[in-house]
Each structure stands twice: as structure tokens, then as C-alpha cells.
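This report refers to the structure that appears directly beneath it.
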Amino acid sequence: MQSTEQNILNIKRLKAEKNAIILAHYYQTGDIQDIADFVGDSLALSQKAASNSAAIIILAGVKFMAETAKILAPEKKVLLPDLNAGCSLANSCKAEDFEKFLKENPGRTVISYVNTTAEIKALSDIICTSSNAVQIIESLPTEEKIIFAPDRNLGNYILNKTGRDIVIWNGSCHVHEEFSLEAILRLKKENPDAKIIVHPECKLPVRMVADFIGSTSSLLQFTKKDKGNCYIVATEVGIIHQMKRENPGKTYIPAPPIDSSCGCSECSFMKLITIEKILNCLKNEEPEIIIDNKTLIRAQKPIHRMMEISEKLGL
Ligand code: 13P
Ligand code: SF4
């Protein structure tokens, strides 16, 4: 077996030879974030997938992110280093159940979170991410009735923020649902100057004690601009690598889940991606993301609508 250093050198060589780029999400391990050509949240990854000159995209993240990249750049080869890198939130919304839900709630604009399968996207009117969900809903006429899927916590957050008529699908993310309010409050007691920063996929009691709520990139921006020095971070622990990189002088305390052996919250799907799997994927040009043409074409429209609204609003 080769050393990690050797694997990284081989990745760099193959990337140049094959005109490939690595797009990584903030929940990837630090070593992967460090070798990536681009690191971002779901919105930024989509924007980057749609505008780059590479022939091959390696998505160091989970399947819905790789599918979104493929939908936005169908002419490119999109590779996911481990096809088992799914998402509990995307899994909580199956196409046949969602179709039934849409029939039961007719006449509503269907806004789906990017954490969905290509099939759910194909059934939607507009896609959103946690970076633009509130603004996308606010860009619609006030009388417009909405369906939001699949995250009940993000849906509830948007509903409270916008006061719109929204019917919400009952899905959730196993990582963000599991943060322990008691442990967060204990950490706050031990670190009274710390600010509690929270991803909107967290449950209401955790959101209620937050000093700031936002997508991974908004949380990162907040820690950069804020005058404080210490943060209790209620999202997947991988983001702390980037926070430390951009602001090494500050302290970041991972919020623990209810059942915790490591004292922090990890997304087991995100953590399936490794440097070794990225190298193999570059060498063999597989596993490749394949989406049937009909679904791909239908899924393009709602993602393009999101990109157009985001661009118009400068997001
Ligand atoms: P962001 O878009 O905020 O990066 O969130 C992605 C995600 O999967 C959160 O669990
Ligand atoms: Fe999906 Fe949750 Fe993992 Fe994000 S953290 S990719 S929502 S399972």
C-alpha cells in the first residue's frame, strides 16, 4: 500500500493528465479539503460544477451533490469515489411517495432542497439550498402556496422566517437531528463567551438557542467576520477544518450529538470518501454518475431556476 503523500502526488499528476477537478464539500475530512480544487457548500458546488473547463469532475461529497453536478454539466464525466455515499435526508423522500404527496396537495409550487435524488428534482418546480431557501421563497408572490421537501427542520425554519403557506414533507438528516440541547447548554455554561452557531437542519430547540443560523458557508463567513473568539458549532464537524484554516486564532467547539463517542457529529456518508478512493476513481474513471436522459432534462429546469434567482439576488 502506498503512503498518503504518494497517493496525493498521484492524484495531482492524474488530475493534470486527465483535465479533472476535485470539488469537495465542507464535511469532507481535512486532507480531502486540502487537495481539492474547490471547497464549498451545496450552492457553491453547483455553481462551480456549472462553470468550469474540466473534462472530469470528482465530487468529494455525497451522491445528491454528484447528481446535481451531472445535471448541470451533462457533457462532463462526473465521478463519485464511493457510490454508497448517500444522504439520510435524500433517502427520506422516495419518488413514488412524493408523487402521492403532490397529488394530495395540488396547486402548490414545489420547492425541493438540493438534498434530494434526481427523481425528486425532476418532480419539483424550484430547487434550493440552505444558502438561498429563504430568499427563493421570498422571491415568489406572497399568495403563492408552497410545498417544501424533504427536511422538516429547514422547512419549519423557512416557514417561521417567511410566514408563507407551506406544506412540509416529514424528512430529516440523522446528523443534524441528533444534536443534544443539554450538551450545547453545558458547553455554553463552561464557555460563556462562546457563540452558538447552528445549521438550519437542526431541530427547533437547538435553533432557539442559536446566536446565528445558516448554511455551512454562512457559518464560515460568520466566524470570519464576527468579533467574537469562540464558537460552539452545531453542524457536521468537517466545517471546523475550514474555520481553523481561515481563522486559526479562534476557538471552535463541536456540538456533540445525544449519543457520542467522539464528542462531535460526523456524517457517515460524507466520511466514506477517502484519499485512496479518490485516487482509484481518477485512475479507473469510475464509479461514474449516470442519470437517465428524461430525468436529467426534467431535473435541469428547477435547478436552473434556482441558479437564475440566486444570480439575480447576488447569492
Ligand atoms: P450546505 O448546503 O449548508 O453545505 O449543507 C449541505 C448538507 O448536506 C447539510 O447537511
Ligand atoms: Fe445528508 Fe445529513 Fe450527511 Fe448532510 S449531513 S449529507 S443532510 S446525511
Side-chain angles (χ1 to χ4, degrees), residues 23-29 32-33 36 38-49 59-69 80-93 111-117 120-121 127-136 148-155 157-158 169-179 197-203 206-207 210 212-223 233-243 254-257 262 264-273 303 306-307 310 315:
L23 308 184
H25 187 264
Y26 290 126
Y27 295 164
Q28 292 291 291
T29 51
I32 295 176
Q33 293 188 41
F38 181 81
V39 188
D41 69 353
S42 307
L43 177 63
L45 292 176
S46 308
Q47 287 165 333
K48 191 70 189 172
L59 208 302
V62 293
K63 196 170 177 195
F64 76 80
M65 295 174 175
E67 283 186 345
T68 307
L80 179 66
D82 187 330
L83 281 183
N84 292 316
C87 165
S88 56
L89 183 51
N91 291 347
S92 71
C93 190
I111 304 189
S112 296
Y113 193 30
V114 69
N115 298 40
T116 45
T117 61
I120 298 295
K121 289 187 175 76
I127 301 304
C128 71
T129 74
S130 48
S131 270
N132 58 22
V134 170
Q135 292 89 334
I136 285 186
F148 181 80
D151 190 63
R152 59 179 172 228
N153 296 316
L154 178 62
Y157 171 72
I158 298 166
W169 179 266
N170 191 21
S172 65
C173 152
H174 72 301
V175 177
H176 289 88
E177 280 254 309
E178 285 299 306
F179 285 111
I197 60 171
V198 170
H199 196 279
E201 284 174 25
C202 292
K203 283 182 173 175
V206 171
R207 296 201 312 273
F212 180 77
I213 300 174
S215 67
T216 50
S217 59
S218 320
L219 298 180
L220 181 62
Q221 280 301 110
F222 180 78
T223 58
V233 184
T235 191
E236 212 269 2
V237 69
I239 185 73
I240 292 182
H241 176 74
Q242 207 57 225
M243 289 172 173
C262 71
C264 65
S265 249
E266 287 199 324
C267 172
S268 48
F269 297 110
M270 285 278 180
K271 265 41 184 192
L272 282 176
I273 310 300
I303 306 181
M306 167 183 83
M307 310 271 278
S310 294
L315 301 170

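Order of listing sets the numbers, starting from 1, for every ligand and every atom in it.
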Partners meeting salt bridge (Lys or Arg N to Asp or Glu O under 4.0 Å) with Lys271 (sequence neighbours left out): Glu236

For the atom pair OH (Tyr27) and OG1 (Thr216), what is the distance rounded to the nearest 0.5 Å? 5.5 Å

Nearest non-hydrogen atom to atom 4 (O) of ligand 1 belongs to which of Asn132, Thr216, Leu43, Leu45? Thr216

For Lys203, what residues pass the side-chain hydrogen bond (donor to acceptor under 3.5 Å, both in side chains) criterion, not counting sequence neighbours? none

Arg152 CZ to Asn170 CG distance, which is reported to the nearest 0.5 Å: 4.5 Å

When the ring centroid of His174 is compared with that of Phe269, is the distance short of 6.0 Å? yes

If you have a sec, work out which protein heavy atom is nearest atom 8 (O) of ligand 1 and how many Å separate them, to one decimal? Asn115 ND2, 3.2 Å

Please state whether Glu201 comes within less than 4.0 angstrom of ligand 2, counting heavy atoms only. yes

For ligand 1, does Tyr27 get within less than 4.0 Å through its side chain, its backbone, both, or neither, judged by non-hydrogen atoms? side chain

Sorted by chain and residue number, which protein N/O/S atoms are under 2.8 Å from atom 3 (Fe) of ligand 2? Cys267 SG

Pairs meeting criterion salt bridge (Lys or Arg N to Asp or Glu O under 4.0 Å) with involvement of residues 213-223, two or more places apart: none

Heavy atom of the protein closest to atom 9 (C) of ligand 1 (residue, atom name, distance): Glu201 OE2, 3.1 Å

Contact check: Ser215 vs ligand 1, nitrogen or oxygen atoms, below 3.5 angstrom: no

Flag His199 as yes when one of its N or O atoms lies below 3.5 Å from any N or O atom of ligand 1, and as no otherwise. yes

Side chain to side chain donor-acceptor pair (under 3.5 Å) test vs Asn153 passes for just one of Glu201, Glu177, His199, His176, namely Glu177

Reported CG-to-CE distance for the pair Asn132 and Met307, which is rounded to 0.5 angstrom: 10.0 Å

Measure the shortest side-chain to side-chain distance between Phe212 and Ser218 over non-hydrogen atoms and say whether it is less than 4.5 angstrom. yes

Please classify the His25 to ligand 1 contact at 4.0 Å (heavy-atom distances, strictly less than): side chain, backbone, both or neither. side chain

Val198 and Thr235, any side-chain heavy atoms less than 4.5 Å apart: no

May I have the step-by-step check of side chain to side chain donor-acceptor pair (under 3.5 Å) for Ser131 and Ser215, ending in yes or no? CA-CA 5 Å; Ser131 270; Ser215 67; 3.0 Å; yes

Using a 4.0 Å cutoff against the non-hydrogen atoms of Ser130, which atoms of ligand 1 qualify? 1 (P), 2 (O), 3 (O)

Protein contact of atom 2 (O) of ligand 1 - nearest heavy atom, named by residue and atom, plus distance: Ser42 OG, 2.8 Å

